[in-house]
Amino acid sequence: MKLLTVVLALFSWSTIVYCVSTGRFCDSESGDDFQRAHIGLIISPIMSIKMIREIEIYWNHAKYRPGDTIALYTSEPANGLEPIYTLVPNAPSGIKRTGLQATFVPTSNLTFVRQCLQYHVAWLRNGTIRLTNCLQTQPHWMTERKEILGSLPMSRVFLPGTHDSASYAIHRRANLENFVERFVITQDVDVLAQLIYGVRYLDIRVGHYPNTDSVWWANHGVYRSVPMQNVVNQVKTFLDNTNEVVIFDIQEFPVGFGKNLGVHHDFIGFLEEQFAGYYLPKSYHGWTSTLNAIWSSGKRLIIGYDEKRVVSRYESVWPCVTHQWGNVRTIEDLFNYLNRIETESLGYPRSIPRSAMAELTPNTWDVILNRLGGIRQMAETVNFNVTNWYNSKWQHTANIVAVDFVRSSGIIETAIEWNERRNSRC
Ligand SMILES: *[C@@H]1O[C@H](CO)[C@@H](O)[C@H](O)[C@H]1NC(C)=O
Ligand SMILES: *[C@@H]1O[C@H](CO)[C@@H](O)[C@H](O)[C@H]1NC(C)=O
Ligand SMILES: *[C@@H]1O[C@H](CO)[C@@H](O)[C@H](O)[C@H]1NC(C)=O
């Protein structure tokens with residue numbers, strides 16, 4: 001504490017602010033070219049017969065200079081360490097494929113300790129490392145920022161989310177997808193891995209198949225992906241090993257629910273039994289609960305449910321998150337749509353969180369003629385821009401932002417960084 005006081009006194013003449021939560025100094029007005037600069041690593045969603053998990057480097061650096069270089073390493077960057085790839089940025093922001101394939105990391109190799117997964121990236125100026133980042137997991141990012149996030153309800157936290165979270169397929173080796181897979185697979189890591197990487201909003205769609213052993217399945221449309229039991233177990237494993245808050249949002253009932261509410265009652269029975277001891281009852285304070293209130297309740301799972309007629313009858317399920325879909329087919333239209341909802345959100349503070357669905361939506365002919373490519377191609381088209389927009393335009397309003405193939409965006413690190421900046425003086 002004494003040291004901190006001395007340090008603060010030393011810097012009190014300047015604009016430097018010490019963030020207790022991050023343990024970092026930040027200077028909002030100094031001439032440090034690197035203060036707002038960013039470099040990051042993403043894993044491409046594109047899969048061909050030859051390549052899977054291609055490493056891509058993205059950067060955002062308004063004050064880049066000719067001669068600056070970006071280098072990729074397989075361990076912590078240090079002056080003199082030989083990079084495996086280098087590039088010379090030719091614009092203030094951009095993304096570059098490296099032609100290098102990232103090692104496959106099974107979920108069982110991920111731990112509940114924040115870690116860099118082999119690859120590191122550095123920005124060098126005049127041969128000196130000025131900025132670094134790595135491909136990393138963020139299993140405790142909320143808890144680590146308890147002081148700055150604690151007083152906020154979920155609607156005021158910038159939360160990374162995944163679209164159709166349980167419609168994942170895990171490929172160890174390069175392979176080709178069939179026609180159906182191209183339009184139903186939205187993620188390349190399972191739900192537990194998504195949570196360990198930092199996702200806190202899960203968009204779940206459920207199918208009822210009474211003639212199968214599992215009965216309840218996670219679906220994407222009519223496509224059945226994994227048994228719901230399996231998804232539930234992954235979420236519980238995450239909650240058991242962290243102190244993080246997770247939204248498990250049941251958004252659609254594409255198969256087997258019909259018009260009558262009986263199947264919903266059965267499904268809520270399943271959720272209540274499976275998540276007993278985990279879910280936060282709605283009467284607690286509902287969506288107005290602050291994170292501190294949620295933490296002190298000891299229950300960190302919020303179950304959203306998109307069927308108003310049953311939500312009112314159960315304590316276990318909450319009104320679902322508002323999905324904001326642009327139903328757009330081009331990147332320009334996606335920008336315009338997201339710009340509209342983020343700008344409008346300023347005028348309408350709400351307690352129920354909203355999720356910006358940052359994806360393209362192909363129409364039937366796009367699918368038949370393969371005009372936009374599959375979901376992997378569409379994610380590759382938009383995820384870098386979405387990351388950039390939420391870093392530079394809508395970082396102050398963002399609530400949930402849900403993407404496809406989350407590792408191919410920088411939305412997790414963007415959300416963490418802006419939760420810090422917008423709730424402290426940094
Ligand atoms: C998306 O990002 C690319 C690459 O930086 C850029 O050229 C393009 O203008 C961006 N598109 C939009 C609509 O912002
Ligand atoms: C995953 O864990 C296994 C067993 O500990 C180890 O042999 C393997 O090298 C690990 N793989 C990666 C990519 O870390
Ligand atoms: C980088 O090195 C060049 C020549 O050695 C020098 O002129 C320049 O001022 C240096 N730039 C920085 C930012 O140190």
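Here the structure is a predicted model, which is why all the values come from computation and not from measurement. Note that ligands are numbered from 1 as they come in the structure, with each ligand's atoms numbered from 1 the same way.
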Subject >> Arg224 charged N/C atom sitting above Trp217 aromatic ring, 6.0 Å / 45° >> reply: yes

Subject >> Is_contact(atom 11 (N) of ligand 2), protein non-hydrogen, under 4.0 Å >> reply: yes

**OP:** Considering the heavy atoms of Asn385, write down every atom of ligand 1 situated less than 4.0 Å from one of them.
**Re:** 1 (C), 2 (O), 3 (C), 8 (C), 10 (C), 11 (N), 12 (C), 14 (O)

**OP:** Taking the side chain as every heavy atom from C-beta outward, state whether Pro139 and Arg114 have any pair of such atoms under 4.5 Å apart.
**Re:** yes

Subject >> is_close_aromatic(His323, His163), centroid dist under 6.0 Å >> reply: no

Original post:
Would a line drawn from the ring center of Tyr305 to the ring center of Phe253 be shorter than 6.0 Å?
Top reply: yes

Subject >> Test item: protein heavy atom less than 4.0 Å from atom 4 (C) of ligand 2 >> reply: no

Subject >> Heavy-atom protein contact below 4.0 Å for atom 7 (O) of ligand 1 >> reply: no

Subject >> Any Phe384 heavy atom less than 4.0 Å from ligand 1 >> reply: yes

Original post:
Does Asn219 use its side chain to pair, donor to acceptor, with the backbone of Glu252 at less than 3.5 Å?
Top reply: no

Original post:
Given Glu342 and Trp389, is the side-chain contact (heavy atoms from CB on, under 4.5 Å) satisfied, shown in steps?
Top reply: CA-CA 11 Å; Glu342 295 300 340; Trp389 300 333; over 6 Å; no

Subject >> Residue, atom name and distance, where the atom is the protein heavy atom closest to atom 2 (O) of ligand 2 >> reply: Asn109 ND2, 2.5 Å

Original post:
Starting from atom 13 (C) of ligand 2, which protein heavy atom do you reach first, and at what distance in Å?
Top reply: Phe104 O, 3.4 Å

